[in-house]
Amino acid sequence: MKIFKILMASAVVLGMTSCVSKKQYDALSGNYKQCIENIGERQREIQDLKGQNSTLMAENNLLKSQHDALKSSLDACLSNTGKSSANIDKLVGEINASNSYIKQLISANAKNDSLNLALSNKLKRSLDNVTDDDVQVKVLKGVVMISLSDKMLYKTGDYNVLPAAQEVLGKVAKVINDYDKYSVLIEGNTDNAPLNSSNLPKDNWDLSALRGTAVAKVLQAQFGVDPSRITAGGRSEYNPKATNMSVSGRAENRRTEIIIMPKLDEFMKLMDIKEKK
């Protein structure tokens, strides 16, 4: 409501430009534009939170159903006088263990979702000035995915990273270094246009893999990302996001993806899973 009042006041003042000086008008106009940008960012964050909330609600409903089923089993056991007290005690113990696991699972999921949301929001804020067509950031199934267009990173058919891409990769590297408990997977992707060359890259497999490792080397050498956290490779033309039948679809498929996710041991800690010996 406060932002709406500011916007309404700004709109009224902007409509009365004859009553204010040029300097005042410019200041009010700048304030109005800033308010519009702030609203857009808040709306994006609200959509992210709604998605996370829906997932948690679905998981919670499933766990409640499991709990109710166990409770029904206990009630049936109690009503059957032929059951021994030992079996009842065992069932009660199973229910208590199930309740404890449910609480741990909900807590772990909430912690994991919070970390991913914070990481995603930080990346979005740091990359706000980059064209949306060139960089996309989203959270999918517990990992953060950054998709970078090939036109921003490389020349056509080449795998050497362009100097103009250094700024974006530097911002991504800053967030990666801040979240040092996460692993980094870098994947090169191409369209299905064939390459015919006697030199490297000879085909789309070569091109995608060389592009993935080129980005990994820049993150390591230029921005100090620990190489032990990085896995790099290529998926050629076999992981398309859109149809290769159109120019826009092929452009969307030519991309390099940086995937940031918890390390396996950290993920197991979040889920309270102990390694088998």
Would you mind reporting whether L148 and L169 have side-chain heavy atoms less than 4.5 Å apart?
-> yes
Under the side chain to side chain donor-acceptor pair (under 3.5 Å) test, which residues partner K241, sequence neighbours left out?
-> Q136
Minimum-distance pair of heavy atoms, taken over all atoms of G212 and I186 | O-CG2, 3.5 Å
By side-chain contact (heavy atoms from CB on, under 4.5 Å), L195 pairs with (sequence neighbours left out) P201, N204, L207
Under 4.5 Å between side-chain heavy atoms, chaining through other members, with only Ile, Leu, Val, Met, Phe, Trp and Tyr counted: pull out the rest of the cluster around M245, sorted by chain and number.
-> none
Side chains of T256 and Y154, donor plus acceptor under 3.5 Å | yes
Are Y159 and I230 linked, directly or through other ILVMFWY residues, by side chains that come within less than 4.5 angstrom of each other?
-> no
Residues in side chain to side chain donor-acceptor pair (under 3.5 Å) contact with Q220, at least two apart in sequence or another chain = none
Sidechain N-carboxylate O distance under 4.0 Å for K174, D178 | yes
Pairing residues for N160 by the side chain to side chain donor-acceptor pair (under 3.5 Å) criterion, not counting sequence neighbours | D158
Mind checking side-chain contact (heavy atoms from CB on, under 4.5 Å) for N53 and listing every partner two or more places apart, or none if nothing turns up?
-> M57
Just how far is it from atom CG of L70 to atom NE2 of H67, taken to the nearest 0.5 Å?
-> 7.5 Å
Got a sec, which residues hit salt bridge (charged side-chain N to carboxylate O under 4.0 Å, His left out) with E187, two or more places apart in sequence or on another chain?
-> R235
To the nearest 0.5 Å, how far apart are OG in S236 and CG in D203?
-> 6.5 Å
Side-chain contact test, heavy atoms from C-beta onward, threshold under 4.5 Å: evaluate it for N177 versus V225 and give yes or no.
-> yes
What pair of heavy atoms forms the shortest contact from E237 to P240, and how long is it?
-> O-CD, 3.7 Å
Measure across N244 and R250 and return the closest heavy-atom pair with its distance rounded to 0.1 Å.
-> O-NH1, 3.0 Å
Check whether V215 and Y179 end up in the same hydrophobic cluster, where Ile, Leu, Val, Met, Phe, Trp and Tyr are linked by side-chain heavy atoms less than 4.5 Å apart.
-> yes
Partners meeting ring pair (Phe, Tyr, Trp, His ring centres under 6.0 Å) with F223 (sequence neighbours left out) | none
Is a donor on one side and an acceptor on the other found under 3.5 Å between the side chain of N253 and the backbone of A242?
-> yes
Summary of salt bridge (Lys or Arg N to Asp or Glu O under 4.0 Å) pairs that have at least one residue in residues 210-232, sequence neighbours excluded = D150-R211
Residue set satisfying side chain to side chain donor-acceptor pair (under 3.5 Å) with S208, at least two apart, ordered chain then number -> none
For E257, enumerate each residue passing the salt bridge (charged side-chain N to carboxylate O under 4.0 Å, His left out) test, keeping only those at least two apart in sequence or located in another chain.
-> R255
Should V184 and T231 be marked as a side chain to side chain contact (heavy atoms under 4.5 Å, CB included) after you check the CA-CA gap, both sets of side-chain angles, and the distance that decides it?
-> CA-CA 6 Å; V184 182; T231 301; over 6 Å; no
So I258 and I176, side chain to side chain contact (heavy atoms under 4.5 Å, CB included) or not? Walk me through it.
-> CA-CA 10 Å; I258 301 176; I176 290 174; 4.3 Å; yes
Under the salt bridge (charged side-chain N to carboxylate O under 4.0 Å, His left out) test, which residues partner D191, sequence neighbours left out?
-> R254
